[in-house]
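In what follows, chains carry the letters A, B, and so on, assigned in the order in which the sequence lines appear, proteins first and then strands, with residues in each chain numbered from 1.
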Amino acid sequence: MVEVVLPDGSSKSLSEGATGADLAASIGPRLAKAALAVRVNGHLVDLSTPLATGSQVEIVTPNSVDGLDVLRHSTAHVMAQAVLRLWPGAKYAIGPTITDGFYYDFELPGNDRFSDADLERVEAEMRAIVAEDQPFVRQEHSLDEGLAIFADQPFKSEIIKAVGESASEEDLREVGYGGIVSTYRNTENFTDLCRGPHVPSTSRLGHFKLMRVAGAYWRGDEKRPQLQRIYGTAWDTKEALEQHLYRLEEAERRDHRKLGQELDLFSFPSELGPGLAVFHPKGGTLRRLMEEYSRQRHVEGGYEFVTSPHITKAELFETSGHLQWFADGMYPPMELDEGQRYYLKPMNCPFHVLIFKARQRSYRELPLRLFEFGTVYRYEKSGVVHGLTRVRGMTQDDSHIFCTREQMNDELASLLAFVLDLLREFGLNDFYLELSTRPPGKAVGSDEEWNEAEATLESVARAAGLELVLDAGGGAFYGPKISVQARDAIGRTHQMSTIQLDFQQPKRFDATYIGPDNQRHQPIMIHRALFGSVERFIAILIEHYAGALPTWLSPEQVRVLSVRDDHDAYAYDVAASLRSDGLRVVVEPATEPLGSRIRKAKLEKIPYVLVVGDDDVTSGTIGVNARGGNDPERGVSVESFRERMRQEIASHSRPED
RNA sequence: GCCUGGGUAGCUCAGUCGGUAGAGCAACGCACUCGUAAUGCGUAGGUCAGGAGUUCGAAUCUCCUCUCAGGCUCCA
């Protein structure tokens with residue numbers, strides 16, 4: 001007899017040699033059908049694994065993250081088998097699961113490439129494999145046996161050899177723990193290296209779709225061969241798959257590049273080159289509104305406004321260390337004035353250090369908070385530019401705070417509160433924090449400094465009471481950082497503000513202040529961008545709101561439509577009256593049918609459409625058609641609409657709220 | 001930078017076997033005068049991303065460059 005403990009604490013007795021599958025069957029037929037794997041004492045294993053007495057066990061179904069993971073990993077194996085059937089002699093590399101899906105990397109014979117049409121062929125072959133109801137049979141081997149099995153598979157062999165030496169978590173996932181090589185065999189002709197577990201049979205799979213082909217470097221190293229990768233998604237039910245595909249469509253519908261064009265906000269003229277945007281009048285208005293609000297808040301927050309030029313002699317970035325670390329990411333220098341090299345600035349911080357250093361500073365001036373909308377240029381590699389989120393020219397809402405070591409903790413805490421509050425005003429309210437620590441191999445400064453900086457940031461982050469995740473090794477060369485991550489309206493996360501601690505720049509520039517002890521001291525420098533870049537923040541806002549911006553940020557807040565052209569004069573009067581309140585109002589006179597003009601205004605996502613006709617001219621009212629509603633109000637007084645707008649704008653809310 | 005796939009009117013797209021350019025929307029003009037998501041008619045709009053080649057003839061075939069998308073790598 002075997003006795004196991006279930007998640008609810010109860011125990012279950014099974015006959016000797018019973019497996020996870022037997023356990024599931026003993027609990028109920030529905031669970032037996034849903035079971036994909038079993039968790040034994042915290043480890044995921046196959047359903048076919050015999051259970052040991054006293055084990056803590058849990059049947060894994062597709063309702064859990066683990067269950068979907070098993071499903072997707074098994075689907076990846078099926079895809080590999082399909083590719084090997086269609087391209088005999090193909091080499092297969094790794095096929096892990098990722099969020100919502102999986103991928104698998106291959107090297108095709110003759111350096112052949114997958115085409116989009118091949119995806120359909122592979123998918124058809126996968127469905128055949130599913131229909132064949134092939135079992136996943138686990139086998140364990142020694143390293144030498146493993147090498148023999150995969151003798152003609154160089155990528156698999158490399159992984160097995162790596163396990164003998166220094167195994168990474170990724171490799172162990174592919175192979176297995178404890179010096180054994182585990183494989184899963186589907187047929188005599190297809191065996192894959194894998195730690196497992198897998199579903200019992202390919203028939204358990206089926207709700208998948210191959211999404212796209214892409215190139216990917218072997219082991220992510222651009223110096224190694226580029227493999228052909230196929231991405232797929234897989235789910236337990238048809239409905240879940242369809243929902244996932246719908247979410248992708250929704251993300252596409254919100255794409256800021258598409259909305260930016262449709263709403264006439266900005267464009268990327270090819271004459272300018274990749275990653276260089278121009279903002280049209282409406283996009284320019286949005287930018288101005290964001291910047292004005294940000295400036296006002298920074299004034300209230302005790303910041304001082306500075307500006308700095310766009311180009312500088314090389315010396316500045318030599319001193320700061322940027323040329324040493326990031327020359328690749330900077331535009332090449334211009335030679336001026338007999339060999340002087342000038343660079344476009346990729347960062348604002350060294351300029352702010354110079355402003356700090358412009359005269360003798362006293363501890364009484366600290367914390368000194370310098371703020372600038374600073375436009376920087378970074379030479380992003382050609383393949384990485386992406387809409388407004390990854391550009392070559394951008395404006396940072398950058399500030400650098402100089403303070404004493406004693407002030408550092410309080411300053412960081414109030415800074416974090418300031419940042420979160422401002423983001424909430426823009427309508428983002430679901431946050432978590434990420435702590436990025438010392439980057440191995442490219443950090444400057446002593447261990448003590450790094451440890452202190454990391455500990456300080458961590459305590460401030462913890463005190464903020466938000467979820468905190470660790471991004472080990474993700475810091476900049478000069479210091480660790482906290483970044484605020486925000487979830488948007490469709491659950492995607494975006495890195496927003498970053499707060500970085502920096503002991504290095506003040507030292508490199510020999511920036512000092514005179515303390516109460518009449519001695520020179522080095523200030524701490526805190527780097528902080530709130531929007532990150534104005535461009536990127538605009539992109540995130542557009543996607544978050546699907547283009548339907550809150551009224552205070554809408555370039556055009558109100559459009560006034562006359563029913564007939566003899567109402568035009570009244571429409572202009574209403575508009576003038578609202579403009580005197582500072583509203584952004586446009587009149588569209590009656591040259592086209594009303595329905596057509598309403599449709600146009602709706603497509604432009606204007607918060608309020610006002611319609612004025614005979615009744616309104618007579619009684620001095622307006623018809624109000626709010627965005628997001630489908631029951632326009634008639635006979636509204638201009639004064640009550642005015643009040644509604646005042647409140648909505650002051651509260652930064654939207655007509656649909 | 002690398003891989004895969006694109007680039008035809010302002011936008012979205014069609015264009016067969018290589019035979020010389022098309023639609024809808026938008027713009028402009030005229031008519032229509034209308035109460036909540038598309039009024040009608042007309043006009044104009046193109047070095048088919050750019051360059052070179054093959055050909056009697058290229059949007060179409062070949063090569064190079066630019067540029068966009070999806071990935072990889074990178075992201076101070």
Checklist entry - Considering only B/G35, B/C34, B/U36, which nucleotide approaches the side chain of A/Asp616 most closely? => result B/G35
With the criterion being N/O to N/O and under 3.5 Å, what pairs connect the protein with nucleotides 5-10 of chain B, and how long is each?
none

Measure from [atom1] on [X] to [atom2] on [N] and round the result to the nearest Å.
X	N	atom1	atom2	result
A/Asp118	B/C3	CG	C1'	15 Å
A/Lys600	B/C34	NZ	P	20 Å
A/Arg559	B/A37	CZ	P	15 Å
A/Tyr103	B/C3	OH	C1'	15 Å
A/Trp218	B/C2	CH2	C1'	18 Å

Taking the [atom1] atom in each of [N] and [M], what is the distance between them to the nearest angstrom?
N	M	atom1	value
B/U8	B/C13	P	9 Å
B/G5	B/G24	C1'	26 Å
B/C17	B/U60	P	15 Å
B/U12	B/G7	C1'	14 Å

Next on the checklist: Here's a test for you: under side-chain contact (heavy atoms from CB on, under 4.5 Å), which of A/Thr456, A/Leu457, A/Ile499, A/Asp471 qualifies with A/Pro480?
Outcome noted: A/Leu457
Item to check | Under 4.0 Å protein heavy-atom contacts per nucleotide of nucleotides 63-76 of chain B, with B for base, S for backbone only and - for none | outcome: ----SSSBBBBBBB
Could you identify the nucleotide paired to [N], looking across every strand shown and requiring Watson-Crick or G-U wobble geometry with both distances under 3.5 Å?
N	answer
B/A27	B/U43
B/C63	B/G51
B/G35	none
B/C2	B/G71
B/U16	none

Checklist entry - Would you say the side chain of A/Asp614 and the base of B/G35 hold a donor-acceptor pair, judged only by whether the two atoms sit under 3.5 Å apart? => result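 There is none.
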Salt-bridge contact [X]-[Y] (side-chain N to carboxylate O under 4.0 Å):
X	Y	result
A/Glu158	A/Arg224	yes
A/Arg559	A/Glu604	yes
A/Glu656	A/Arg627	yes
A/Arg257	A/Glu262	no

Checklist entry - Do A/Ser637 and A/Thr621 have side-chain atoms, one donor and one acceptor, less than 3.5 Å apart? => result no
Item to check | First of A/His567 and A/Ser596 reached from the 5' end of RNA chain B, by closest nucleotide | outcome: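 In this pair, the answer is A/His567.
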Next on the checklist: Any base atoms under 4.0 Å from A/Asp615, or only sugar-phosphate, or nothing? Heavy atoms, all strands.
Outcome noted: base
Next on the checklist: Once you apply a heavy-atom cut-off of 4.0 Å, does A/Leu603 come out as touching a base, just sugar-phosphate, or nothing?
Outcome noted: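 Base: the residue A/Leu603, judged by heavy atoms under 4.0 Å, touches a nucleobase.
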Checklist outcome for this item: Exactly one of A/Gln500, A/His400, A/His352, A/Gln396 clears side-chain hydrogen bond (donor to acceptor under 3.5 Å, both in side chains) with A/His527, and that residue is A/His400
Please list, for nucleotides 44-49 of chain B, all pairs of protein and nucleotide N/O atoms separated by less than 3.5 Å.
none

